[in-house]
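Here's the structure, in C-alpha cells; my notes come after.
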Number of protein chains: 2
Amino acid sequence: MPKLTLERVAELAGVSRSTASRVINGQDGVRPEIRRRVLDVVELTGFVPHAAARSLAGQHSRILGLAIRQTTEQVFSDPYFAALVQGISGACNDHDQTLSLFLFQSAAEHEHLPARVLRTKLVDGLVVTATFSDDPLVWQLTESGIPFVIVGEVSNPHISSVDADNQNGAALVAEHLLSLGRTRIATVTGPMRSAAASTRRMAFERALAVAGQPMDPELVVEADFTEDGAYAATQQLLVRAPDAIFAFSDRMAVGVLRALQEAGRRIPEDVAVIGFDDLPPAADSRPPLTTVRQEVEQTGSVAVELLLERIRSPEIPARRIELPTRLVVRASSVASQQVGGQPS
Amino acid sequence: MPKLTLERVAELAGVSRSTASRVINGQDGVRPEIRRRVLDVVELTGFVPHAAARSLAGQHSRILGLAIRQTTEQVFSDPYFAALVQGISGACNDHDQTLSLFLFQSAAEHEHLPARVLRTKLVDGLVVTATFSDDPLVWQLTESGIPFVIVGEVSNPHISSVDADNQNGAALVAEHLLSLGRTRIATVTGPMRSAAASTRRMAFERALAVAGQPMDPELVVEADFTEDGAYAATQQLLVRAPDAIFAFSDRMAVGVLRALQEAGRRIPEDVAVIGFDDLPPAADSRPPLTTVRQEVEQTGSVAVELLLERIRSPEIPARRIELPTRLVVRASSVASQQVGGQPS
DNA sequence: GCCGCTTCTGGGAGCGCTCCCGACATCATC
DNA sequence: GATGATGTCGGGAGCGCTCCCAGAAGCGGC
C-alpha cells in the first residue's frame, strides 16, 4: 500500500495535486462537485498533510510558541498561568495552530531559545509572558525579527502587547477602601521589577493622593507574589496597625488573610483585605475575597489573535490592548449583609 | 545578502553540502582541518539548520511531545507536574530535542491529538502522563504506531513505562506506622481509577495484613489528590478516631493536617500523618511531613531517555522502569527529639 | 610504477508540500 | 463567429535538508 500523500489523495480523487491542495486548504476556485470528491477521499483515507513538508514549502509552520519567563515551579503553581494557558491553548485550537510551550529557566536554556527555536523557523511567532522592564529577551526577539506579542507591559510602543487595565483596577480598590472609611491603608505589592506590580502601585498611590489621603510609605511592603511571601510581609505590617490591606494578587491575599487571622484580627471589621485577579483562590477563601477581576483567559486568547495578526499582516502597526478590570466585592472588605440581622 | 542555508555555509567553507552536513551532524569521516573550517563558518554566520527541511529530508523532527491527560487547572496547580516537566524538559535539552507540550482537556481537543499531532508527523514520540486503567488514549496511540512511553502504570507489557516503586513506598509506610504502635490506621487515597492510587492501596493493605493487622475498610476514604478533597475526607474520618492517616500525596496530607488541627488533634501524638512524594509542600508544612520520597524529576528524564530508545531502536522490546522510593521521617509521625528534653 | 585498498568528498535524487503560471473551457459580447 | 474576460485545473519548480553512491585522493605492497 502506497504512502498516503497529497499526490495519492489527488490520484484517488482523479484530480491534480494542485486541486487537492486547494481543497484541503479551503481555497476557492474549485467546482463544488470536485471539492466534494476530494473531501470524500480525505475523509475516507484520513489524510492529514505532513507538517514538515507544509512548513518547508509554505512559509509557515502553524506552530505558535509560548515562552514563559519563570521557573517551572512558579509556573506550575500559579493559577494565573493555568488560566492564561487555557486561553492561549483554546485560541490556538480555534485557529488551527499548534501550541508549543517552551520552558527555559536556566541561563543555558535561555541561550537555546534564539538558536534552537527561532532560527530553525520552528515557530511562526511567540507569546511571551512575565517579562520585566528592559528584559534583554525582548530585545533579542526584536532583533531576531520573529513576530511576537507580550502579555504584560512593555515600554517600547512598537511591540504588541495585551494586558489587564491595571491602572483602573488599582484605582477601583482605592476608591472602594476610601468609601469604606479606611484610613490606614497598607499594600503588599509584587516585586517592583514586575511591571504589573509597579503600575498597580503607582495607580493606587495616585488615586489615594487625589482623594487627599496620600499613602504612608511605612504601610507599603514588597513581596513576591507568593502566599508565603505575603504572609511574612503581613507580619511585618501588623505593628503598624493597618485597617486595610491591598494585596497585588489573590494568592498573596490568602497569605495576608492567614497572617491576620493568626494575629486575631477580625476581617473585615478590623482589617479589610483586597486581592487582585479573581482567580479560584479568591471566592474560596474564608472569608471570600474582595478582588479586582481581570479576564485572564481572555487575555490569552486575545494575545494569540494579536500574534496571528502580526504574523499575517506585518505591515499593521503594533498595538496594545488593555482588557477591562472591575471590582468584585465580597466579605473580606464588607461585612456580610446578614450581620446583625435575621435571615429572612 | 543570500539566505543562510547549508548550501551557503558549504560554499563559504569551500566544501560541498554533504561535507557541511556531516560536520553539522557530528558524523565522522571528515578530516579535522576541514571540519574546523566548516565549524568556523557556522560559528561566524550563526547558521542553524531549518527544522522543517531537516524533518522532511531526514525522517524525524527532533520534537518530543508531552501529553498530559488532565485539565489545565489540575496540571498548573500540582507540584508533581512541575517536577516532572522539569525533568522532561531538562532531558530534552540534554539530548537536543525540542519539547512540545500538548494540552487537551475537552473532548474536542482530544480528537485533535491523533490527527493534528500524530499523523502530521510533528513529533517523533510522546511522553504520556496521568493515564488511567484502560485509557482509550493508550489504545489509540498503540494503533497509530507512534513511539510513546507512559509515566505511571500500564497493564499492557508491550508498552514502555516509568514509574516510582509505589509498592515499596506503601509498604514502607505500613512498616513505619506499625513500628510506632499505631493501631487505627486510616488512608486517604486518590481516585481508584488512578493506577498509582490503587497500587499504593493494595500494597498498603497487603503489608498491614501480613503484619497481622488488616486494614479496617471503614478507615479508607477515597479523595481526589487535592488538598480540599483530603480535608473533606479527613472530616469524615474524624468520627472513627484514627491514630494515623496515610495520604496518597503530600498535597492531600496538607489537607489532612489542616482538618486534624482544626479538630484539635495533636500531631503526631494523637494522629500520625504521612504523605507521598516528598515535593515542596512536605518539608514546609507544619509539622513537617513524614513522606515517601519519589524522584519525580528523574522520572521525567528517564521517560525521555526511554522514549528516545524506542524511537531509535524500535526492535528493543518495551520495558518498565521503576525508580526507588524511600521513607523520609519528619515530625508529623515522630515527635521531635527535643520533646520533653532540654536543648543541649 | 601499478594495483587495490581505505578514507574522504561531491553530486544527484528525493522528502511532501505550496506557489506560480500557463492551458484550457466556458460564456458573454460585439 | 472571432475576441476577450472569467473561472478552473494541471504541471513544473522549488523550499533546505539528508541519504546514498560514485568517484577522487592517499597509501602501502608487490
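All chains are named by letter (A, B, ...) in the order of the sequence lines, taking the proteins before the strands, and each is independently numbered beginning at 1.
One can place CZ of B:Arg31 at 7 Å from P of D:dG26, the figure rounded to the nearest angstrom. If you take CZ of A:Arg22 and P of D:dG7, they are 14 Å apart, rounded to a whole angstrom.
Checking side-chain atoms of A:Arg37 against main-chain N and O of A:Ala13 turns up a donor-acceptor pair under 3.5 Å. Of the possible donor and acceptor atoms, one in the side chain of A:Ser301 sits under 3.5 Å from a partner among the backbone N and O of A:Gln298. Remark: the backbone N or O of A:Val41 is paired with a side-chain donor or acceptor of A:Thr45 at under 3.5 angstrom. Without hydrogens or angle criteria, B:Ser160 side chain to B:Arg319 main chain gives a donor-acceptor distance under 3.5 Å. Between the side chain of A:Asn25 and the backbone N or O of A:Ser21 there is at least one donor-acceptor pair closer than 3.5 Å. Of the possible polar contacts, none joining the B:Arg310 side chain to the B:Glu315 backbone as a donor-acceptor pair under 3.5 Å is found.
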- Task: Determine, stepwise, if the pair B:Asp163 / B:Leu323 fulfils side chain to side chain contact (heavy atoms under 4.5 Å, CB included).
- Result: CA-CA 6 Å; B:Asp163 206 351; B:Leu323 267 27; over 6 Å; no
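Between A:Pro49 and B:Val15, the residue anchored nearer the 5' end of DNA chain C, judged by the nucleotide with its closest heavy atom, is B:Val15.
On the nucleic acid side, DNA chain C has its first and last nucleotide under 4.0 Å of a heavy atom of chain B at C:dC8 to C:dG16, going 5' to 3'.
A salt bridge links B:Glu322 and B:Arg320; the closest N-O separation between the charged side-chain nitrogens and carboxylate oxygens is under 4.0 Å. For A:Arg8 and A:Glu11, the salt-bridge test passes: some basic side-chain N is under 4.0 Å from an acidic carboxylate O. For the pair B:Arg62 and B:Asp124, the salt-bridge criterion is not met [side-chain N within less than 4.0 Å of a carboxylate O].
At a threshold of 4.0 angstrom between heavy atoms, the contacts of B:Gly29 include nucleobase atoms, whether or not backbone atoms are also involved.
An OP1 or OP2 oxygen of D:dG10 is reached within less than 4.0 angstrom by a side-chain nitrogen or oxygen of A:Thr19.
Taking the six-membered ring wherever Trp is involved, the centroid distance between the rings of B:Phe76 and A:Phe81 does not fall below 6.0 Å.
A donor N or O paired with an acceptor N or O is found under 3.5 Å between the base of D:dG11 and the side-chain atoms of A:Ser18.
If one axis is set at each end of the helix from C:dG1-D:dC30 to C:dC30-D:dG1 from five pairs, those axes are 60° apart, to 10°.
Residues from residues 35-45 of chain B lying near DNA chain C, meaning a heavy-atom separation below 4.0 Å, are absent.
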